[in-house]
Amino acid sequence: MTPVLRRAVTFTAEQCHRVLAAARRHPVRTALVLPTLVLLYVLVLIPFTPGVGDLRKAKSEAPSVLLASDGSVLAEYRRINRQWVALDRIAPHVVNALIATEDHRFYDHHGIDFRRTAGAVLSTLSGDLQGGSTITQQLARNLYPEEIGRAASITRKVKEAVTALKIEAVYSKPEILETYLNTVPFLYNAFGIEMAARTYFDKSADKLDLLESATLIGMLKGTSYYNPVQNPERAVQRRNLVLAQMAKHGKLDPARVEGLAKRPLRLDFERQVELLGPAPHVAQHLRKWLIDWADRRGFDIHADGLKLRTTLDAKIQRAANRAVARQLAQLQTLADSRRKAGQDRALLQAGFLALDPRNGEVRAWVGSRDFAQEQFDHVSQARRQPGSTFKPFVYGAAFMLGFDPSYTFIDEPVAIASQGSPVWTPSDATPPSYQPTTLRDGLAYSKNTITAQLMQKVGPASVARLAQSMGVRQSKLDLVPSLALGTSPVTLLEMVAAYGSIANGGNYIQPVLVLRVEDRNGRLLEQFEPVREREPAMPRAHALTLVNAMRGVIDEGTGVAIRQRYGIQADVAGKTGTTQDNTDGWFIMMNPQLVAGARVGFNDNSVTMGSWGQGARSALPMVGDVFQQAFRNRWIDPNVEFDIPRPVPQPPPELRQDAPILEVVNGLFGSILRQLRGH
């Protein structure tokens with residue numbers, strides 16, 4: 001033995017001798033040392049356990065909700081996939097099985113079962129690891145997994161015990177049971193007994209029978225090990241043990257146990273998905289906004305039950321959802337029929353947006369055909385070429401420069417040269433007529449040759465400036481002649497907002513989604529009225545002239561299906577749009593009380609649609625469907641008109657050229673109509 005080691009052993013022996021001598025002289029003090037140290041240890045840990053205020057808050061935890069303008073729930077911001085149910089809506093078998101198996105002296109202790117704890121300690125010391133946690137202690141772990149943890153340590157057990165005592169001071173015994181059963185996990189993203197009942201047996205918690213209750217409670221010993229889906233034999237054994245415990249503690253007739261133990265599991269398993277609600281893209285968009293708002297004010301969106309009231313109209317939102325789903329189902333069939341053997345199936349996507357042009361309030365927002373499969377938002381995120389829906393900005397800029405809708409160009413081939421770019425030769429689906437065509441007809445029949453010539457007169461800078469002031473404020477617009485035909489990608493949100501400015505007499509109002517935030521009791525926390533400031537973007541007279549010209553699109557032009565197919569006779573104006581090779585189809589329509597637009601296309605813009613991809617065939621039906629329902633159900637007033645007389649519908653230009661008498665007749669009818677309106 002080395003000298004250093006010899007001195008250390010001698011020193012340790014001497015110290016032990018002194019301690020023993022002191023213990024003999026002061027036995028009472030010595031006996032109090034260990035309890036004192038334990039008490040000090042517990043006191044040190046108390047500040048690191050949840051406070052009583054936190055416990056009360058957990059007791060009343062409620063998710064924040066997203067509400068439509070009529071107060072109906074659009075979405076709930078839950079922390080986990082759980083639906084809370086009251087104790088009286090849980091089958092009594094569940095409660096009896098839980099107490100008999102996990103804590104049969106539950107009603108006799110105050111959070112800690114000292115008899116069970118002592119037994120667990122002795123068993124653990126003898127090599128048989130035992131938990132010994134009461135239901136209240138398990139609840140402490142479920143409620144505060146981060147503060148307490150799950151490590152097999154003395155510190156964790158002490159924090160768990162202290163928290164259990166606090167819980168018992170705040171919660172009644174029934175409340176502890178209710179909270180426990182609503183917070184315990186059951187695999188497959190199912191939290192709480194209600195979601196477990198639906199997941200494993202396709203029924204609600206109050207409908208669970210004895211065997212089903214025993215199976216679910218049996219899982220609590222180890223959800224993965226006793227998973228009835230993956231490990232049915234173990235689950236049956238554990239279920240039968242739960243039945244035996246129920247019989248042992250007087251919750252079940254012992255004579256029934258043997259017969260019940262022979263029965264199969266009879267699962268009806270189905271994973272539970274979180275309800276997306278009728279406006280999932282809006283819910284996702286506003287969730288980020290609400291988190292930021294709540295963080296700055298000390299709220300928790302998952303626990304404080306905030307109420308976020310939006311501008312969405314639940315009826316129009318549902319109509320939009322149905323219209324998009326129905327139209328895309330039909331178009332997808334056409335798309336699939338073009339697919340070649342072995343070619344991957346490409347899914348069509350769409351976006352739909354409707355707002356009130358008078359105040360900018362968004363009434364409906366459909367970001368994709370199915371949020372579960374496509375979270376990408378085709379309203380606010382997708383930037384695609386708008387095609388001919390961009391043309392109204394060309395005509396609007398021209399009207400502001402003094403052009404009249406009756407101004408004519410010859411419908412003929414056009415070749416436009418611009419510095420640094422190849423010669424641009426826009427054409428139409430039909431051959432040029434080489435006849436004079438008015439601006440009104442050029443817009444109504446979406447004539448590219450007429451629009452291109454007008455663009456030469458107006459200039460790309462003026463068109464871009466007007467589009468930006470009207471609402472196309474986020475996307476970059478290229479100042480080239482082809483901008484007239486919508487070659488710069490934009491979002492549907494920008495385009496519908498811009499059409500809202502046209503319908504609102506040339507005043508831009510930023511689209512509004514959030515009205516106010518309230519607490520769980522409906523008390524106002526913040527109102528968002530100041531957002532609705534009008535910005536003059538176009539003189540009112542010129543905006544109304546543009547509206548009047550866009551009426552022609554619906555009355556006799558590319559959007560005539562609105563009248564013919566959907567029977568809408570109200571005062572509406574709009575524009576169709578189709579990009580090159582039918583890559584994207586657009587349609588936007590406006591009324592003094594509602595503006596709605598839709599876009600259809602594949603995510604991969606190299607994948608094109610057939611002739612059915614034209615805006616009048618792909619996007620128009622969605623908008624027409626929603627407007628038809630809105631007018632029919634009086635969600636908006638079908639008798640309201642723009643503040644300018646409606647023109648008499650005109651026949652196509654080619655028909656008028658061969659039958660000049662029609663112009664005289666139409667002129668007479670127009671004169672008569674104006675006189676009648678004057679009276």
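Residue numbers run from 1 in the order of the sequence given.
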Donor-acceptor side-chain pairing of [X] and [Y] below 3.5 angstrom:
| X | Y | result |
| --- | --- | --- |
| Q510 | R473 | no |
| T491 | E494 | yes |
| W293 | E526 | yes |
| D313 | Q317 | no |
| R383 | S475 | yes |
| S388 | S446 | yes |
| R318 | N321 | no |

Donor-acceptor pair, [X] side chain versus [Y] backbone, under 3.5 Å?
| X | Y | result |
| --- | --- | --- |
| E556 | A444 | no |
| D478 | V480 | no |
| S488 | L477 | no |
| Y77 | L66 | no |
| Q332 | L348 | yes |
| Q527 | L524 | no |
| D625 | P621 | no |
| T578 | Q614 | no |
| E412 | P432 | no |
| T583 | T579 | no |

Applying side chain to side chain donor-acceptor pair (under 3.5 Å), name anything that partners [X], two or more places apart in sequence or on another chain.
| X | result |
| --- | --- |
| N448 | K391 |
| D292 | R296 |
| D404 | S406 |

Inset, instruction - Begin with the C-alpha distance, continue with both residues' side-chain angles, and end with the deciding distance and a verdict on side-chain contact (heavy atoms from CB on, under 4.5 Å) for W289 and V514. - result: CA-CA 10 Å; W289 180 90; V514 178; 4.0 Å; yes

- Message: Surrounding CZ of R287 (heavy atoms of other residues, nucleotides or ligands, distance under 6.0 Å), is the total greater than 12?
- Response: no

- More than 12 non-hydrogen atoms from neighbouring residues, nucleotides or ligands closer than 6.0 Å to CD on Q580, yes or no? no

Worksheet item: Yes or no on side-chain hydrogen bond (donor to acceptor under 3.5 Å, both in side chains) for N603 and E374, after CA distance, side-chain angles and deciding distance?
Response: CA-CA 10 Å; N603 282 347; E374 175 82 312; 2.7 Å; yes

By salt bridge (Lys or Arg N to Asp or Glu O under 4.0 Å) - contacts of [X] (at least two apart):
| X | value |
| --- | --- |
| D581 | none |
| R617 | none |
| D411 | K447 |
| K288 | none |

Is any side-chain heavy atom of I554 closer than 4.5 Å to one of R551? no

How close do [X] and [Y] get, counting heavy atoms only, and between which atoms?
| X | Y | result |
| --- | --- | --- |
| V512 | T311 | O-OG1, 3.0 Å |
| A354 | F352 | CB-CE2, 3.9 Å |
| A570 | F631 | CB-CZ, 3.5 Å |
| L328 | A350 | CD1-CB, 3.7 Å |
| L492 | G597 | CD2-O, 3.8 Å |
| A364 | A320 | CB-CB, 4.0 Å |

[atom2] on [Y] to [atom1] on [X], rounded to 0.5 Å:
| X | Y | atom1 | atom2 | answer |
| --- | --- | --- | --- | --- |
| Q468 | Y508 | CD | OH | 12.0 Å |
| R565 | R563 | CZ | CZ | 16.0 Å |
| I568 | N591 | CD1 | CG | 9.5 Å |
| Q385 | S482 | CD | OG | 8.5 Å |
| R516 | T310 | CZ | OG1 | 10.0 Å |
| L355 | L594 | CG | CG | 7.5 Å |

Does [X] pair with [Y] as a salt bridge, N-O distance under 4.0 Å?
| X | Y | value |
| --- | --- | --- |
| E518 | R309 | yes |
| D70 | K315 | no |
| D643 | R540 | yes |
| R338 | D336 | no |

- Report the C-alpha separation of Y395 and T451 in whole Å, then their side-chain angles, then the decisive distance to 0.1 Å, and conclude whether the side-chain hydrogen bond (donor to acceptor under 3.5 Å, both in side chains) test is met. CA-CA 8 Å; Y395 289 81; T451 306; 2.8 Å; yes

Exactly one of T449, T437, L439 clears side chain to side chain contact (heavy atoms under 4.5 Å, CB included) with F409, and that residue is L439

TODO: Begin with the C-alpha distance, continue with both residues' side-chain angles, and end with the deciding distance and a verdict on side-chain contact (heavy atoms from CB on, under 4.5 Å) for T558 and K575.
DONE: CA-CA 8 Å; T558 56; K575 188 69 190 76; 4.2 Å; yes

key: Residue pairs passing the salt bridge (Lys or Arg N to Asp or Glu O under 4.0 Å) test where at least one lies in residues 595-616, sequence neighbours excluded   =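 Sorted pair list: D584-R599.
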
Residue pairs meeting ring pair (Phe, Tyr, Trp, His ring centres under 6.0 Å), one or both in residues 353-389, sequence neighbours left out, come to H281-F371, H285-W365, F376-H378

Ring pair (Phe, Tyr, Trp, His ring centres under 6.0 Å) pairs touching residues 551-590, sequence neighbours excluded, are none

task = For residues 496-507, pull every pair meeting side chain to side chain donor-acceptor pair (under 3.5 Å), keeping only residues two or more places apart or in separate chains.
result =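 Listed once each, the pairs are N504-R534.
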
One pair to check against side-chain contact (heavy atoms from CB on, under 4.5 Å): V517 and K307. What are the steps and the verdict? CA-CA 6 Å; V517 181; K307 295 179 180 179; over 6 Å; no

Item checked: F399: ring pair (Phe, Tyr, Trp, His ring centres under 6.0 Å) partners, not counting sequence neighbours ->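 With neighbours one apart ignored, the set is empty.
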
